[in-house]
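Step one of this worksheet: look at the structure below.
Labels below follow one simple rule: chain letters A, B, ... track the order of the sequence lines, proteins then strands, and each chain is numbered from 1. Computed from heavy atoms alone, side chains included, the values below leave out hydrogens, waters and symmetry copies.
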Protein chains: 2
Amino acid sequence: MGKLAAGALVDALRATILDGGLRPGTRLDETRLGAQFEVSRNTLREAFRVLAHEHLVEHLPNRGVFVRRPSVREARDVYETRRLLECGALREAAVRRAAWCGEPDPDGSTRERHLQHHWETSVLAVVDAAERGWRASESGDWDEVGSANGQFHLALATLADNDVILRTLRSLVTEMRLLFLVVAAAREVHEPYLEDNRRIASLVASGELVRAAILLEDYLLRAERHLVGLYATHTLDGRAVEPRS
Amino acid sequence: MGKLAAGALVDALRATILDGGLRPGTRLDETRLGAQFEVSRNTLREAFRVLAHEHLVEHLPNRGVFVRRPSVREARDVYETRRLLECGALREAAVRRAAWCGEPDPDGSTRERHLQHHWETSVLAVVDAAERGWRASESGDWDEVGSANGQFHLALATLADNDVILRTLRSLVTEMRLLFLVVAAAREVHEPYLEDNRRIASLVASGELVRAAILLEDYLLRAERHLVGLYATHTLDGRAVEPRS
DNA sequence: CGCCGAGGATTGTTCAACAAGCCGTCACCT
DNA sequence: AGGTGACGGCTTGTTGAACAATCCTCGGCG
């Protein structure tokens with residue numbers, strides 16, 4: 001193990017869960033997982049606390065921690081929240097950009113340079129994520145498509161230069177991967193939106209942030225309905241249908 | 001101690017921090033705090049993990065955990081995020097309410113009754129929090145005003161009936177209390193907005209959610225500028241000025 | 001058929017120990 | 001004097017064992 005076992009353990013467990021190695025509903029046995037990851041029960045418990053706070057895992061007192069199985073309700077709530085944050089981020093980015101793009105940059109202060117640089121790298125990240133997702137879909141790598149899609153939305157949020165929005169959205173995006181896991185149809189979930197991602201990216205690249213925001217809002221509304229529909233197929237009244245472990 | 005020491009410990013530590021018992025910048029010594037709260041070093045570390053995830057505390061590897069000292073940047077980011085979430089929540093509540101208020105409620109399904117009940121209790125909570133803050137200000141209890149203000153904004157978010165928005169906002173509201181702590185001028189921070197709270201509450205009570213959202217947006221923009229200004233008074237270039245412990 | 005209790009298994013928490021990393025100190029060298 | 005580097009103490013990071021408390025299962029009993 002690299003140093004700092006606890007932190008690394010959190011990453012390892014999160015990755016295992018999101019890769020399907022620990023399916024929703026599974027109980028995370030302290031002694032068994034401790035042996036598997038070669039850490040003590042105590043450090044394992046520390047990791048559980050943060051995963052629980054990330055809502056990847058649910059802690060039932062005296063019963064253990066379980067991989068969470070989000071309800072349709074939660075799917076809806078996550079999409080609605082993303083819509084507020086992502087579209088809001090784009091609009092905030094728009095007004096902020098207008099504010100310092102209007103000024104003729106008199107002496108090019110270091111702050112100005114910093115903003116300029118941040119903007120350029122962010123736009124690049126947006127375009128890059130959209131392209132990566134597109135290419136991955138052509139080679140049929142739907143895991144990579146999912147990952148690129150997450151990066152894409154985080155890159156959009158980065159435009160607003162707001163760390164709180166970013167970290168909140170990061171948490172929501174990883175929670176989304178849990179949602180996709182219970183629906184288990186990566187292709188169907190991502191394919192319809194690859195086109196939208198590219199259009200949004202090109203709007204962002206040409207500085208038309210408000211139009212990007214409008215398109216994104218519609219996009220997220222469609223995606224929400226889509227996923228909720230899939231949930232109806234694979235689940236029963238909000239509770240995922242899966243055999244007990 | 002009541003059962004489940006770890007969970008209770010988190011609450012106790014959070015309360016201690018927000019009451020000023022552990023000032024921003026303080027290092028949380030594991031053995032000392034362990035003795036003080038009569039818990040082992042291990043459970044203390046579990047509590048640290050969740051406080052760190054709540055951004056009340058900062059964990060520097062091999063150096064310890066410290067009560068966080070938010071920067072102006074973070075103050076700005078938190079306000080911006082609140083603006084997106086709270087105003088968005090009001091607007092979502094508006095469309096959702098319009099959707100099922102338009103329907104003449106044919107058979108009064110149990111779902112309808114549930115929504116109706118949720119709406120009424122939420123509105124009550126909004127009005128109540130606004131009134132409680134107002135009364136507390138008359139008796140000069142500025143701690144209570146701060147608490148009531150937090151409740152008020154959480155109650156607003158409750159209107160949208162979205163758990164994700166609610167829990168996100170809850171986290172932001174407690175982080176705000178950290179911000180107020182470093183500025184340490186509860187009266188100046190809260191007094192100008194008591195009036196706004198009441199007006200927003202009455203708009204909500206009469207169902208004019210969109211107008212409430214507009215007023216709230218302006219409110220939060222003013223509050224943001226206000227707090228950022230206070231920060232300039234008490235701090236230097238984004239870093240709080242305080243003697244090392 | 002359902003209630004109930006014993007027993008086993010798992011979690012919750014503590015303690016003592018040790019490795020590893022940070023920090024202040026102080027002697028030493030230029 | 002001032003920089004520098006090794007030393008040693010203190011704190012964190014992690015472990016393993018131990019024990020109490022709680023839950024679940026399973027079998028017996030009414």
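A distance of 8.0 Å separates CG in Asn162(B) from OG1 in Thr168(B), rounded to the nearest 0.5 Å.
Between the CG atom of Asn42(A) and the C1' atom of dC18(C) there is a distance of 15 Å, given to the nearest Å. Between the CG atom of Leu4(B) and the P atom of dA20(D) there is a distance of 18 Å, given to the nearest Å. Rounded to whole Å, atom P of dT11(C) lies 9 Å from atom NE2 of His59(A). Whole-Å rounding puts the Leu60(A) CG to dT11(C) P distance at 11 Å. In this structure, the CZ atom of Arg41(A) is 14 Å from the C1' atom of dC15(C), given to the nearest Å. Taking atom CZ on Arg49(A) and atom P on dT11(C), their separation rounds to 13 Å, with Å as the unit. Atom CD of Glu46(A) is separated from atom P of dT13(C) by 14 Å (rounded to the nearest Å). When the P atom of dT15(D) is taken as reference, atom CZ of Arg45(A) falls 15 Å away, rounded to whole Å.
Using a 4.0 Å cut-off, some side-chain N or O of Thr43(B) falls inside it from OP1 or OP2 of dT14(C).
Few gaps surround NE2 on His118(B); more than 12 heavy atoms of other groups in view lie less than 6.0 Å from it. Counting non-hydrogen atoms of neighbouring residues, nucleotides and ligands closer than 6.0 angstrom, the CG atom of Asp143(A) reaches no more than 12 such neighbours.
In summary, Arg73(A) and Asp77(A) engage in a salt bridge, as defined by a charged side-chain N under 4.0 Å from a carboxylate O.
In terms of modelled atom types and a separation under 3.5 Å, the side chain of Ser171(B) and the main chain of Arg167(B) share no donor-acceptor contact.
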Report, one line per pair, each donor and acceptor closer than 3.5 Å where one atom sits in a side chain of residues 44-54 of chain A; sequence neighbours left out.
unit_1: Arg45(A); atom_1: NE; unit_2: Glu30(A); atom_2: OE2; d: 3.2
unit_1: Arg45(A); atom_1: NH1; unit_2: Glu46(B); atom_2: OE1; d: 3.2
unit_1: Arg45(A); atom_1: NH1; unit_2: Glu46(B); atom_2: OE2; d: 2.9
unit_1: Glu46(A); atom_1: OE1; unit_2: Arg49(B); atom_2: NE; d: 2.8
unit_1: Glu46(A); atom_1: OE1; unit_2: Arg49(B); atom_2: NH2; d: 3.0
unit_1: Arg49(A); atom_1: NE; unit_2: Glu46(B); atom_2: OE1; d: 2.8
unit_1: Arg49(A); atom_1: NH2; unit_2: Glu46(B); atom_2: OE1; d: 3.0
unit_1: His53(A); atom_1: ND1; unit_2: His53(B); atom_2: ND1; d: 2.9
unit_1: Glu54(A); atom_1: OE1; unit_2: Arg14(A); atom_2: NH1; d: 2.6
unit_1: Glu54(A); atom_1: OE2; unit_2: Arg14(A); atom_2: NH1; d: 2.5

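Sorted by first and then second residue, the salt bridge (Lys or Arg N to Asp or Glu O under 4.0 Å) pairs with a member in residues 117-133 of chain A read Glu131(A)-Arg198(A), Arg132(A)-Glu144(A); sequence neighbours excluded.
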Just the table, please: protein N/O against nucleotides 7-11 of chain D N/O, every pair under 3.5 Å.
unit_1: dT11(D); atom_1: O3'; unit_2: Arg27(B); atom_2: NH2; d: 2.8

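In this structure, Ser40(A) and Pro61(A) both approach DNA chain D, and ranking their closest nucleotides by distance from the 5' end singles out Ser40(A).
Among the nucleotides dT14(D), dG12(C), dT14(C), the one closest to any side-chain atom of Val39(B) is dT14(C).
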